[in-house]
Amino acid sequence: MSTAPTSIGAIAAGPGRTVYIETYGCQMNVSDSELILGVLADRGYAAVAEPSRADVILLNTCAIRENAETRVARRVGQLISERRSTRRVRIGLAGCMAQHHRDRLLERIPGLDFVVGPDGYRRLADLLEADEPAIAVQLDRRETYADILPMRERGVRAWVTIMRGCDRFCTFCVVPFVRGRERSLPPDVLGEELVRVASEGFREVVLLGQTVNSYRHGETGFGELLRMACDVQGIERVRFTSPHPADFDDATIAALGECPKLGAYIHLPLQSGSDSVLESMQRGHTLDEYRRLVARLRAAVPSLALSTDIIVGYPGETDDDFEATSRVMDDIGFDHAFLFKYSPREGTRSFRLEETVDETAKGERLERLIAEQQARSLRINRQMIGRTTEVLVESSPKKQPDWLSGKNAQFKTVAFEPAGPTGARHGELASVLVEAATSQTLSGREIGRA
Ligand code: 5AD
Ligand code: SF4
């Protein structure tokens with residue numbers, strides 16, 4: 001849910017055909033950047049890790065809130081102004097913000113060379129060869145890129161997109177407009193992809209989709225797909241993001257309870273703890289339904305960690321509505337929460353609603369939820385002290401290069417002192433005795449291989 005840019009590492013480059021990508025927004029965009037590199041690799045392009053070495057600079061953008069767009073507008077302006085005229089460097093925007101503003105971007109940002117939306121990536125290489133600024137923003141309800149091999153950065157965790165688009169049209173959200181209608185990839189294609197990522201050394205897969213648990217292709221639903229992913233040899237953990245609360249079916253909950261490889265963590269957006277706000281947002285469920293779902297998920301997976309998304313200051317949100325959100329977050333006991341101020345998005349249904357919560361009040365509500373969540377996360381994480389947890393090792397903490405770190409089943413970051421030569425290495429599971437906790441991380445020492 002972060003909007004921090006991520007860049008994709010370097011591979012061998014051909015002359016005149018190097019590309020640098022900066023990715024903003026959600027994990028779908030991280031996965032799409034890998035897809036874009038896959039599309040461009042077929043046309044002889046290779047990734048570089050710095051914009052100064054690139055023939056093509058592409059920002060893969062987010063449109064979810066206004067500040068995500070402001071940041072990209074500033075960054076692309078900076079890249080264009082730094083461009084030297086000694087060789088041809090094409091600079092462009094891809095993804096949700098590109099789709100949201102389309103040709104207006106070429107008018108507003110002088111020097112921009114191309115604009116490509118989430119369904120236009122097959123045309124990207126052609127756009128790059130055009131003499132004039134070029135654009136591909138046609139949405140295509142069948143495009144799944146099922147035949148494109150993404151160029152993944154090596155590591156422990158692989159992102160695998162299983163469905164694209166969204167049909168829910170929550171009133172505040174621009175996603176259905178910029179990513180188009182929902183479509184799922186065929187299970188046989190996904191099966192091959194999962195075997196490939198396992199053979200490439202990835203040990204964890206995260207199945208991705210805007211409403212990932214509404215996956216359906218023919219007879220195959222999300223529950224079956226989860227079981228299929230868990231059956232792939234070499235994959236130790238299977239996760240998914242983001243599910244919609246109204247899309248959990250019995251088959252999915254049964255799979256969660258029965259497949260030990262499924263991580264004990266679900267990101268379950270709630271948005272508001274008030275029924276009237278949920279209804280106004282057209283989320284498709286009540287608070288009580290959400291609570292009952294949480295109870296079923298926890299019954300299936302007793303060690304389940306939960307995170308959520310909350311929007312404060314939605315039009316019409318009263319003090320009482322806000323207090324209800326604060327209370328519900330405490331009742332449910334979320335391990336983590338992504339908290340946002342409502343941002344009106346052109347084209348959405350709530351854009352036409354009058355804003356009733358001013359910036360100051362939004363800021364105060366946000367700050368309060370942040371403080372409450374921090375205390376709650378700390379309290380929950382401290383309960384782990386003295387217990388053992390299984391960590392899939394992925395890196396070393398920056399400040400402690402002789403330690404190791406990774407995520408446990410609950411998707412918490414755990415840093416630990418390794419057991420030495422007999423201990424787990426990158427891509428292996430370590431048993432760690434937790435000795436300390438903050439609101440963000442656990443730490444301890446390895447007591448053996450898991
Ligand atoms: N304003 C604020 N937050 C938003 N989100 C989506 N649209 C908006 C908006 N207009 C949040 C929701 C969603 C998350 C990805 O971003 O909480 O779950
Ligand atoms: Fe946006 Fe709602 Fe779709 Fe999520 S389910 S992407 S919030 S419209």
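Small disclaimer: the values here were computed from a predicted structure and weren't measured.
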Just by distance, no angles: are the side chains of Asp55 and Thr18 close enough, under 3.5 Å, to form a donor-acceptor pair?
yes

Mark yes or no for whether Lys261, through its side chain, and Val232, through its backbone, hold a donor-acceptor pair below 3.5 Å.
yes

Report the C-alpha separation of Arg227 and Asp231 in whole Å, then their side-chain angles, then the decisive distance to 0.1 Å, and conclude whether the salt bridge (Lys or Arg N to Asp or Glu O under 4.0 Å) test is met.
CA-CA 6 Å; Arg227 288 183 194 271; Asp231 283 344; over 6 Å; no

side-chain contact (heavy atoms from CB on, under 4.5 Å) partner of Thr61, chosen from Asn29, Leu93, Val115:
Leu93

Minimal heavy-atom distance between Ala430 and Val393, with the atoms involved, is CB-CG2, 4.1 Å

Could you tell me whether the side chain of Cys259 reaches within less than 4.5 Å of the side chain of Leu226, counting heavy atoms only?
no

Partner of Phe240 under ring pair (Phe, Tyr, Trp, His ring centres under 6.0 Å), picked from Tyr265, Tyr215, Phe222, is Phe222

Residues Glu193 and Arg152 bridged, charged N to O under 4.0 Å
yes

Are Gln440 and Thr413 close enough that some pair of their side-chain heavy atoms sits under 4.5 Å apart?
no

Shortest non-hydrogen pair, Ser307 vs Phe338, comes out as OG-CE1, 4.3 Å

Could you tell me if the side chain of Asp330 sits less than 4.5 Å from the side chain of Glu372, heavy atoms only?
no

Residues forming a salt bridge (charged side-chain N to carboxylate O under 4.0 Å, His left out) with Glu446, sequence neighbours excluded:
none

Could you go through the side-chain hydrogen bond (donor to acceptor under 3.5 Å, both in side chains) check for Ser272 and Glu317 one step at a time?
CA-CA 9 Å; Ser272 169; Glu317 183 188 71; 4.9 Å; no

Determine, stepwise, if the pair Gln27 / Thr241 fulfils side-chain hydrogen bond (donor to acceptor under 3.5 Å, both in side chains).
CA-CA 8 Å; Gln27 297 310 329; Thr241 202; over 6 Å; no

Nearest atoms (heavy-atom pairs only) where Val178 meets Pro118:
O-CG, 3.3 Å

Could you tell me whether Asp32 and Arg179 make a salt bridge, using a distance below 4.0 angstrom between a side-chain N and a carboxylate O?
yes

Side chain of Ser396, backbone of Trp403: donor and acceptor closer than 3.5 Å?
yes

Nearest 0.5 Å, please: how far is CG in Leu278 from CE in Met281?
7.0 Å

Looking at NZ of Lys412 and NE2 of His336, how far apart are the two atoms once the value is rounded to the nearest 0.5 Å?
10.0 Å

Going from CG on Asp321 to OG on Ser326, what distance comes out if it is rounded to the nearest 0.5 angstrom?
12.5 Å

Please report the C-alpha distance between Glu69 and Arg345 in whole Å, then the side-chain angles of each, then the deciding distance to 0.1 Å, and finally whether the salt bridge (Lys or Arg N to Asp or Glu O under 4.0 Å) criterion is met.
CA-CA 11 Å; Glu69 293 193 346; Arg345 305 279 59 213; 3.3 Å; yes

So, are Asp250 and Arg296 salt-bridged, with charged N and O less than 4.0 Å apart?
yes

Any salt bridge between Arg216 and Asp247, counting N to O under 4.0 Å?
no

Please check if any side-chain donor atom of Asn213 sits under 3.5 Å from a side-chain acceptor atom of Thr252, or the reverse.
no

Minimum heavy-atom separation for Arg168 and Ala246, please, with both atom names.
NH2-CB, 3.5 Å

Please check if the number of heavy atoms outside Arg368 that lie under 6.0 Å from its CZ is greater than 12.
yes

Are side-chain heavy atoms of Val197 and Ile235 found at a separation under 4.5 Å?
yes

Between Thr308 and Leu270, is there a donor-acceptor pair closer than 3.5 Å when you use the side chain of the first and the backbone of the second?
yes

Arg122 atom CZ: more than 12 heavy-atom contacts under 6.0 Å:
yes

Nearest 0.5 Å, what's the CG-CE distance between Leu194 and Met228?
5.5 Å

When every non-hydrogen atom of Pro401 is compared with those of Lys398, the smallest separation belongs to CD-O, 3.9 Å

Report, as yes or no, whether the 6.0 Å neighbourhood of atom CZ on Arg141 holds more than 12 heavy atoms from other residues, nucleotides or ligands.
no

Residues 159-211 vs ring-ring contact (aromatic ring centres under 6.0 Å, His included), sequence neighbours excluded, gives Phe169-Phe177

Would you say that Lys407 contacts Leu392 through its side chain, given a criterion of any heavy-atom pair below 4.5 Å between the two side chains?
no

A side-chain contact here means heavy atoms from C-beta on lying under 4.5 Å apart; do Leu58 and Leu124 qualify?
yes

Any salt bridge between Glu204 and Arg239, counting N to O under 4.0 Å?
yes

Decide if atom CD of Glu66 counts as having more than 12 heavy atoms of other residues, nucleotides or ligands within a radius under 6.0 Å.
no

Would a distance-only check, ignoring hydrogens and angles, find a side-chain to backbone donor-acceptor pair under 3.5 Å from Gln99 to Leu139?
no

Name of the residue among Asp319, Thr325, Thr360 meeting side chain to side chain donor-acceptor pair (under 3.5 Å) with Arg365
Asp319

Tell me, with the steps shown, if Ser276 and Ser274 meet side-chain hydrogen bond (donor to acceptor under 3.5 Å, both in side chains).
CA-CA 6 Å; Ser276 64; Ser274 149; 3.2 Å; yes

Between the OG atom in Ser439 and the CD atom in Gln374, the distance rounded to the nearest 0.5 Å is 4.5 Å

From CA spacing to verdict: side-chain hydrogen bond (donor to acceptor under 3.5 Å, both in side chains), Tyr145, Thr161
CA-CA 10 Å; Tyr145 301 107; Thr161 297; over 6 Å; no

Min side-chain heavy-atom separation Cys166-Arg181 under 4.5 Å
no

Counting only heavy atoms not in Glu279, do more than 12 fall under 6.0 Å of its CD?
no

Assess the residue pair Arg183 and Asp140 against the criterion (salt bridge (Lys or Arg N to Asp or Glu O under 4.0 Å)); give the C-alpha distance rounded to whole Å, side-chain angles, the decisive distance to 0.1 Å, and a yes or no.
CA-CA 10 Å; Arg183 60 219 104 127; Asp140 177 349; 5.9 Å; no

Heavy atoms only: give me the nearest Gly427-Arg203 pair and the separation to one decimal.
O-CG, 3.3 Å

Determine whether the side chains of Tyr24 and Glu22 contain a donor N or O and an acceptor N or O closer than 3.5 Å.
yes

Taking the six-membered ring for Trp and the full ring for Phe, Tyr or His, determine whether the centres of Phe411 and His267 are under 6.0 Å apart.
no

Gap between atom CD of Glu367 and atom CG of Leu339 - 0.5 Å precision:
10.0 Å

Measure the shortest side-chain to side-chain distance between Met384 and Gln410 over non-hydrogen atoms and say whether it is less than 4.5 angstrom.
no

Using a strict cut-off of less than 4.0 Å between a Lys/Arg side-chain nitrogen and an Asp/Glu carboxylate oxygen, indicate whether Arg164 and Glu143 qualify as a salt bridge.
no

Do Arg283 and His244 pass the side-chain contact (heavy atoms from CB on, under 4.5 Å) test, and can you show the C-alpha distance, the side-chain angles, and the key distance before you say yes or no?
CA-CA 9 Å; Arg283 284 289 290 170; His244 190 285; 3.7 Å; yes

